[in-house]
Amino acid sequence: MARAVPAAAGSEMRPARPDLAPRPGLSRDEMESLQRRVAEAAVFEDDLPFDPTRVSLDTPETGNQTLTGAVAPGGDTDTDGDADTDTNSPPLVAGIDQSFLDDRALSAVVVLRGGEVVERVHAVSDLDLPYIPGLLSFREGGPILDALAELDCDPDLLVFDGSGRIHFRQAGLATHLGVVCDAPSIGVAKSLLCGTPDEDVDGRPEGWRTPIRADDSVDPVGGHPDGPETTIGYAFQSRQYDSRPIVNPLYVSPGHRLSAATAVDLVSRLSGSYKLPEPTRLADAYADEAKAQYED
DNA sequence: GCGACAG
DNA sequence: ATCTTGTCGC
């Protein structure tokens, strides 16, 4: 049965695979086996509901970028009950990041359509686990799902702050939540968790990229055309300033429903004047901004 | 035992 | 992630 009510907040982005959700309270072994199941269910090939080349930060309309936030101007512009099967308008891209308050996490989501912010939501949730390398999705996954549940729109792409396939069991935060939501997702990390870069990553020019290949620390996943040489992501130099502080590259990896090559291409298209892609940068700023309202 | 590790 | 002053440069 369809909803009787218009479209209440939280009606979109509901988990498609709640059975694979990062439940807390599992033993370490149970968390790792769940990650193996997530990796099996993950798709590291392009299966996108939009054309990647349509993703950009440009705003067709007035050529004017409105990054100040706030919701849609004149209220409901469209009936928006489902995906946009309509126009050539850019896909909806959601940037997700968190800030912390004691034992609580503030998860922020900023959704962009081209260079415009169309929605911003956040949620404050209790944290159940400490940070453990390799098990990040079990600490931050639940809180992030809480925030995504507040969304009125249905993003075409989710951009996470952390790794996707660049993970010991090929199931990092971006992969885990991408699979649970069954949505295309990308992981953008500021440092490398595992895997080996093809080339030295130091002091590279903007736009430069090199494959990150699976090594001994990356477990093979049945069901995927894997091999010890499999490209699980890319080191990507998004920015490089004309002066000293050599900027480190970003480590981009596919979360779900896209290839490593498409993931970097999209991050490149979403890069503005800063190191982090715009959706992530805005979510990061919003997470800090909203945090102030909860500090004791 | 040693090394190594997203946020 | 978070704790934090000043400092260099467009």
Side-chain angles (χ1 to χ4, degrees), chain A residues 22 24 28 31-32 35 38-39 42 95-109 122 124-147 158-178 185-197 201 212 214-219 232-236 238-256 260 263-264 267 273-277 279-281 283-292 294-296:
Chain A
R28 179 162 188 145
M31 292 191 271
E32 296 188 353
Q35 293 184 317
V38 167
I96 303 157
D97 192 32
Q98 302 173 303
S99 57
F100 300 83
L101 313 306
D102 295 314
D103 264 39
R104 295 174 299 169
L106 189 158
S107 308
V109 182
H122 72 267
V124 176
S125 326
D126 291 316
L127 290 168
D128 308 296
L129 306 169
Y131 164 68
I132 300 173
L135 298 178
L136 183 65
S137 67
F138 288 89
R139 170 182 168 78
E140 308 188 340
I144 288 175
L145 289 175
D146 289 341
L158 269 25
V159 180
F160 293 96
D161 197 32
S163 291
R165 193 181 189 181
I166 292 179
H167 179 274
F168 309 122
R169 289 166 288 286
Q170 300 189 45
L173 179 69
T175 298
H176 200 153
L177 297 189
S185 64
I186 297 176
V188 177
K190 293 178 287 300
S191 58
L192 189 60
L193 175 61
C194 61
T196 308
V201 306
I212 297 297
D215 56 24
D216 304 314
S217 69
V218 180
D219 295 345
I232 55 177
Y234 279 88
F236 174 59
S238 61
R239 207 69 227 271
Q240 198 60 276
Y241 306 100
D242 305 306
S243 51
R244 309 161 188 170
I246 296 177
V247 180
N248 298 310
L250 290 176
Y251 293 92
V252 181
S253 56
H256 184 45
V264 228
V267 168
S273 309
Y274 301 83
K275 174 176 178 175
L276 294 175
T280 301
R281 189 181 71 80
D284 181 78
Y286 181 44
D288 283 332
E289 176 192 323
K291 177 181 178 179
Y294 299 87
E295 294 180 314
D296 304 295

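Lettering of chains follows the sequences in order, A, B, ..., and the numbering in each one begins at 1. Hydrogens, waters and symmetry mates play no part in the numbers below; they use all other heavy atoms, side chains included. In this text, all values refer to a predicted model and were calculated from it rather than measured experimentally.
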Checking dT2(C), dA6(B), dA1(C) against the side chain of Ser191(A) (C-beta onward), the nearest is dA6(B)
Establish, with yes or no, whether the OP1 or OP2 oxygen of dA6(B) is under 4.0 angstrom from a side-chain nitrogen or oxygen of Lys190(A).
-> no
Here the distance between atom C1' of dC8(C) and atom CD1 of Ile246(A), to the nearest Å, is 17 Å
Whole-Å distance, Ile232(A) CD1 to dA6(B) P, equals 14 Å
When rounded to whole Å, the CG to P distance for the pair Leu192(A) and dG3(B) reads 19 Å
Rounded to whole Å, CG of Asp161(A) lies from C1' of dA6(B) at a distance of 8 Å
Show me the side-chain donor-acceptor pairs of residues 125-133 of chain A shorter than 3.5 Å, one per line, residues at least two apart or across chains.
| from | atom 1 | to | atom 2 | distance (Å) |
| --- | --- | --- | --- | --- |
| Ser125(A) | OG | Asp146(A) | OD2 | 2.8 |

Under 3.5 Å, side chain of Lys275(A) to main-chain N/O of Ser238(A), donor-acceptor pair present? no
Notebook entry, point to check: Between Leu177(A) and Leu158(A), does a side-chain contact (heavy atoms from CB on, under 4.5 Å) hold up when you go through it step by step?
Noted result: CA-CA 9 Å; Leu177(A) 297 189; Leu158(A) 269 25; 6.0 Å; no
Ordered by number, residues from residues 131-147 of chain A within less than 4.0 Å of DNA chain B (heavy atoms) are Tyr131(A), Pro133(A), Gly134(A), Leu135(A), Leu136(A)
Every stem of 3 or more Watson-Crick or G-U pairs under 3.5 Å that DNA chain C joins, in order of first number, is none
Residues of residues 164-173 of chain A with a heavy atom under 4.0 Å from any atom of DNA chain B, listed by number, are His167(A), Phe168(A), Gly172(A), Leu173(A)
Parsed dot-bracket for DNA chain B after applying the Watson-Crick and G-U rules with both distances under 3.5 Å and | for other-strand partners is .......
Sorted by number, residues from residues 99-107 of chain A placing a heavy atom under 4.0 Å from DNA chain C are Ser99(A), Phe100(A)
